[in-house]
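Data first, discussion second: the structure below is written as structure tokens.
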Amino acid sequence: MPAIDRAPELPELVTVIVCAECCTNHFAVGADGRFHCPCGSVITPRDLVLDPDERWCITPAGLLAYVTAPVVALDRYREARAVMEDPTLWGWEKAAHAEYRRALAELDAARAMGLPLPENAPVEIGRVYIAAVINPDGTYGGGNAHSLGWDCTVCAPRATDPSRQESHPCRNPRGHAWSTVNGWTRHGDRRRTHTYEVLSPAAPDLPTARERAAEILTRRTAAAVPA
């Protein structure tokens, strides 16, 4: 099997394959359907010797790589979540948290590389749900964000002492966001000039999610202005 390396611009769990002949360059897809190295080496997908749990893929730059098979990652996700939600198994909770986050990262890597996810895969993968405050002019005024696997106090057992409250990997980001918005709406001042809404941009992190939420509202406001 060719040597491997990681491409820093890709998700961490995408492994780009390095040519075994020169041990330097990556294989790029060619017009003939084969993968070519600048050193002259040529391979096809059938030349790869991957583990049964791995699938080859092509990065956005056209390079040959591999990721964990989505069905394998989904099985790991389910097993970890079952442990997290069973109080009788909480002695294994820390390990389950790590497996849960890794499974989500594997699923997100496969999705980013264009591999089809199982039909029953959680749709929230790669998506951030923001309970957003909308300013009177329609712009983004901030909010609370939730995403599968992020640290979440709502998903953790409630501590008797608030100062000892822990965070667990989030399991219900959409529900948390809607619960927050509904609470704000129900208990807010009726004279308020702000409104509340759940925005759900696809984003790898919180800063990007905030930027994309603001862009969504900016485009909406611009579209509402008569030409």
When you measure from the side chain of [X] to the backbone of [Y], do you find a donor-acceptor pair of N or O atoms at a distance under 3.5 Å?
X    : Y    : answer
N172 : G175 : yes
R55  : P70  : no
N135 : D137 : no
T218 : A214 : yes
R81  : R171 : yes
D32  : R34  : yes
T221 : L217 : yes
S163 : D161 : no
R101 : G149 : yes
T185 : V181 : yes

Any side-chain heavy atom of [X] within less than 4.5 Å of one from [Y]?
X    : Y    : result
R78  : N120 : yes
H26  : V18  : yes
I43  : F27  : yes
F35  : I58  : yes
R174 : V198 : no
P169 : D151 : no
C19  : S41  : yes

Side-chain heavy atoms nearer than 4.5 Å, only ILVMFWY residues, links allowed to pass through others: does that put [X] and [Y] together?
X    : Y    : answer
V71  : L50  : no
I134 : Y196 : no
Y129 : V133 : yes
V29  : V42  : no
V67  : V16  : yes

(request) Given side-chain contact (heavy atoms from CB on, under 4.5 Å), test L115 with C57 step by step and report yes or no. (result) CA-CA 7 Å; L115 271 65; C57 58; 3.4 Å; yes
Under a 3.5 Å cutoff, is there a donor and acceptor pairing between the side chains of [X] and [Y]?
X    : Y    : result
E106 : T68  : yes
D205 : T208 : yes
T44  : D47  : yes

(message) So that I can tick it off, tell me whether E166 and R158 are bridged by a salt bridge, with the cut-off set at under 4.0 angstrom between side-chain N and carboxylate O.
(response)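 A salt bridge is absent here (no side-chain N lies under 4.0 Å from a carboxylate O).
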(message) The test is side-chain contact (heavy atoms from CB on, under 4.5 Å); show your working for L63 and I17 and say whether it passes.
(response) CA-CA 8 Å; L63 302 179; I17 296 174; over 6 Å; no
(request) Measure up the H176 and H146 rings against each other and bin them: parallel (under 30°), tilted (30 to 60°), perpendicular (over 60°). (result)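 Rings of H176 and H146: perpendicular, over 60°.
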(request) Might you confirm whether atom CZ of R164 has over 12 heavy atoms from other residues, nucleotides or ligands at distances under 6.0 Å? (result)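 Counting other residues, nucleotides and ligands, CZ of R164 stays at 12 neighbours or fewer.
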When rounded to the nearest 0.5 angstrom, what is the spacing between [atom1] in [X] and [atom2] in [Y]?
X    : Y    : atom1 : atom2 : answer
H36  : N25  : NE2   : CG    : 14.0 Å
E215 : L199 : CD    : CG    : 12.0 Å
E93  : H97  : CD    : NE2   : 4.0 Å
L74  : E79  : CG    : CD    : 10.0 Å
M84  : Y77  : CE    : OH    : 8.5 Å
S179 : W184 : OG    : CH2   : 10.5 Å

(request) For the pair R102 and L107, evaluate side-chain contact (heavy atoms from CB on, under 4.5 Å) and give the outcome as yes or no after the intermediate values. (result) CA-CA 9 Å; R102 180 175 179 83; L107 286 166; over 6 Å; no
(request) Give the C-alpha distance, both sets of side-chain angles, the deciding distance and a yes or no for ring-ring contact (aromatic ring centres under 6.0 Å, His included) between Y66 and W56. (result) CA-CA 4 Å; Y66 67 85; W56 69 273; over 10 Å; no
(request) Determine, stepwise, if the pair R111 / I125 fulfils side-chain contact (heavy atoms from CB on, under 4.5 Å). (result) CA-CA 9 Å; R111 180 193 57 81; I125 293 169; 4.2 Å; yes
Looking at every heavy atom in both [X] and [Y], which two are closest together, and how far apart are they?
X    : Y    : value
R127 : A202 : NH1-N, 3.6 Å
L148 : C170 : CD2-O, 3.5 Å
C37  : C22  : SG-SG, 3.6 Å
A109 : V14  : CB-CG2, 3.8 Å
H168 : P157 : CE1-CD, 3.3 Å

(message) Exactly one of P173, S200, S147 should register a side-chain contact (heavy atoms from CB on, under 4.5 Å) with V128. Which one does?
(response)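 It is S147; the other options fail the test.
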